[in-house]
Amino acid sequence: MASESISVTTSDDQTIQLSRKHAQMSQTINSMLEDSVGADQEAIPLPNVSSEVLKKVIDWCTHHENDPAPVEKVKKLNKKREYKAKNSTISDEWDKNFVNAELRVIVDILLAANYLDVKGLFELMCKHIANELKGKTPDQIRERFGIQDDLTEEDKAAMRKAWGATKNDS
Amino acid sequence: MEEISYTYSDVESDDYQSEDEDGYFDDSRDDISSTTTSSITQEPIRPLTNSLDELMRKHLMSTNICSAVVMFNQKGKVVLSLGPSDFASSLLASVFPDLLNYFHSDPSDDSRPTTLHHLDKVHHIFSSRDPFSVYTVTRRRDYGLCGVYLYDARLVLIGRYNRPTLPQLAAHAVEAACDHLRELQLQVDGFHSKGSRTHRSSALATATWTILTAAARDEAIHNSQDAKSSKSTQVFKMMRRLQLQVDGFHSKGSRTHRSSALATATWTILTAAARDGAIHNSQDAKSSKSTQVFKMVKRILPQLKRKSSKSASQPPMEINSREVQHDVEEKEDCFTWLPDELVAMIISALPVRDQLALKQVSRNFQHWVSVSGLTTTQLKYTRCWDKCGVFFWIGTNRYRESYTNPADSGRVGVSANHRYSNIVGRHPFWARNVGDCPDTYYEIDLGENRLLCPQYYSMTYGNDGTGWEPRNWKILASNDRKEWTVLREHKDDNSLNGVFATAAWKIDARTTKSNKQRRFSLPWKKSLDTSSSSQGTKTQHLGFRYFKLVQAGKNKSGYYTFFVCNFELYGKLHYNERRDETGSHYEGTDGVNTMITKDFTVSDDGNDNVSNFKPISRATPLVIVPAVEADRQI
């Protein structure tokens, strides 16, 4: 019954074909497929993912299609997905290139991975963002991500007080 | 208000020619039209807004883009909405369903679009922490998709003010805006006579945006009474320039040019206004900041030029509103697209040190960090052997379990350059196997989930015979185990006398200096150190992860045996609730203990070899004396 390719409709109304193998890497699509075993002719609507992002996700899936399925600890199954900071370096060269993109692209992919429930990709994106945030001063982060400093002096004073730091020691 | 009218009349009289040429702006937006209305019942305003409303309605059917501006107060009530009245709220309801459900509106509204454009990215921005927030919402018909509307919304201003009542303030803002509007309406009438519909609408658009800016400015001025005039003058210079550009386009007469110029000018003005607002908010904003802002605005302008001339050759349909926004805002704050929970999850995985740094970045981050579970607790010293110290707190898992030695349970890492290293236990313990070694030390790692700003520490002489009490020692702290800060140095300190004598010492942040003569407490101006601090620059710490007790001289009887136990620290502890609970950091075999000991080099400590540097806390059997008993022993 299972045809080799599956078509999905993205948020910008494009229909994209992807192989069943790749589609099943997404838990969301996988469960949709299982729910509609009989009617596999229809395109699956993915209203939260744009075609541009989906292509990126498929790229990743293509590269990682032969990865072993993530081993999950039994006791972790009931828990929320936890992402650990340990081993936060991205080892795969291809992955390094993949995450070397503008932040807005990264964020879009992360949202898509979250929605599609592609575990490996989700973790990769989290790792990447965490690495970007790590070991930087507030000023550096603001500059890197173009964030405005909207904290008032009162806010800062309150923080200072709460943290027991003393002012003007320099 | 005087300033506003000055600005505008200046624009009117000046016949400045735009420096920008044809083809500067693309025609990604066919038209803009908007009008103003006010949800506040202000008698003098009513008639004007009503007539404008009507005017707007006429145009609404024929235009492709609508825009609206909505201002909320902290309770989520709309206090100011610019744009067709029903349009603004229904549009917002469709873009921010969660937001609107707070106060009114029916989610099953007809106007809910079939396609939501970036629904997630903004809805969390609204939070009760912000005294007011102003959104712009845009509806655009996308031809490529045959009549599908794309919605876009954006937060342009968050601010705070100390006015007594909100309605007063908002009314004031609207009043000022409407004063302005009357002037502008004359302009509109002028356009009427020319008869072109687009003329009228673009003039209206100008009016709207000017009002918005005026309103925002009005707020800002009210906020800080001692705002310097220089800043606002600069803003208005900028605005005037933009306005002149727009006027220049008017005279050239191309419809598309005009509207896109308006769009661009609009966004720039908005950005400027928002920044201005931000600046005014902080009462002692330095002038350098405003200079930065204006550098920014200036930088944005040429970029826009370049971008539009590039894209002018492309078919207009391909340029979507999102691209335009990116051009104007340079780097958009992409984190706002992510759901709170996701950002918080990522943040909670970072070391506490980074979480503290993130908290200083912006208001959004402050929120996310607090959602991610970063907590600060004050562990105050009361007396020796009290139950208020850090290691008791950790050992009882935040007072929720019965006490176990935190080193044994792996919650903190301890190590030493000799056999016995478990000095965090809560019992008088004869520290056997401590050799006669001049540089005996004990090292403690709180883990990357904890950061302590120390205030007191206490320790006990660890022997059941007198004569070997420590006299000379130092307590050091570090965040990277490379650069150590001396918290306190003891020379010929006679505090510890007698069997299992206990004493406590204060750590004064202001008097301690590190080995490089740096102060350890945080001079706030420079934020957290990034371990890679170059030599010569000052390092600051909000707290420390590693602590070290080092022998710095002979003990009472002239030997180098350093008998101590029951080490306890007090102070402000930053930790992440979430990660502490799961304890995920300490799971597995590669806990803190091994991490610390494995990269130790062999000291010049006679007989000991590397194999001795295994996690001793696990290897050495210890007799745990219940805390009660320990209390009695003092």
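Quantities reported herein were computed from a predicted structural model and do not represent experimental measurements. Order of the sequence lines fixes the chain letters, A, B, ..., with proteins taken first and strands second; residue numbering starts at 1 for each chain.
With rounding to the nearest 0.5 angstrom, the CD1 atom of B/Ile346 is 12.5 Å from the NZ atom of A/Lys134. From B/Glu341, atom CD reaches atom CG of A/Asn114 across 10.0 Å, with rounding to the nearest 0.5 Å. Expressed to the nearest 0.5 Å, how far CG of B/Leu350 lies from NZ of A/Lys136 amounts to 10.5 Å.
For A/Tyr115, there are no ring-ring contact (aromatic ring centres under 6.0 Å, His included) partners two or more places apart in sequence or in a different chain. Partners of A/Lys21 under the side-chain hydrogen bond (donor to acceptor under 3.5 Å, both in side chains) rule, at least two apart in sequence or in another chain, are A/Asn66.
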Side chain to side chain contact (heavy atoms under 4.5 Å, CB included) evaluation trace for B/Asp354 with A/Leu133:
CA-CA 8 Å; B/Asp354 290 320; A/Leu133 293 174; over 6 Å; no
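Taking every heavy atom of both residues into account, B/Ala357 and A/Pro138 meet most closely at O-CG, 3.3 Å. Between A/Arg142 and B/Gln360, the shortest heavy-atom distance links the atoms NH2-O, 2.7 Å.
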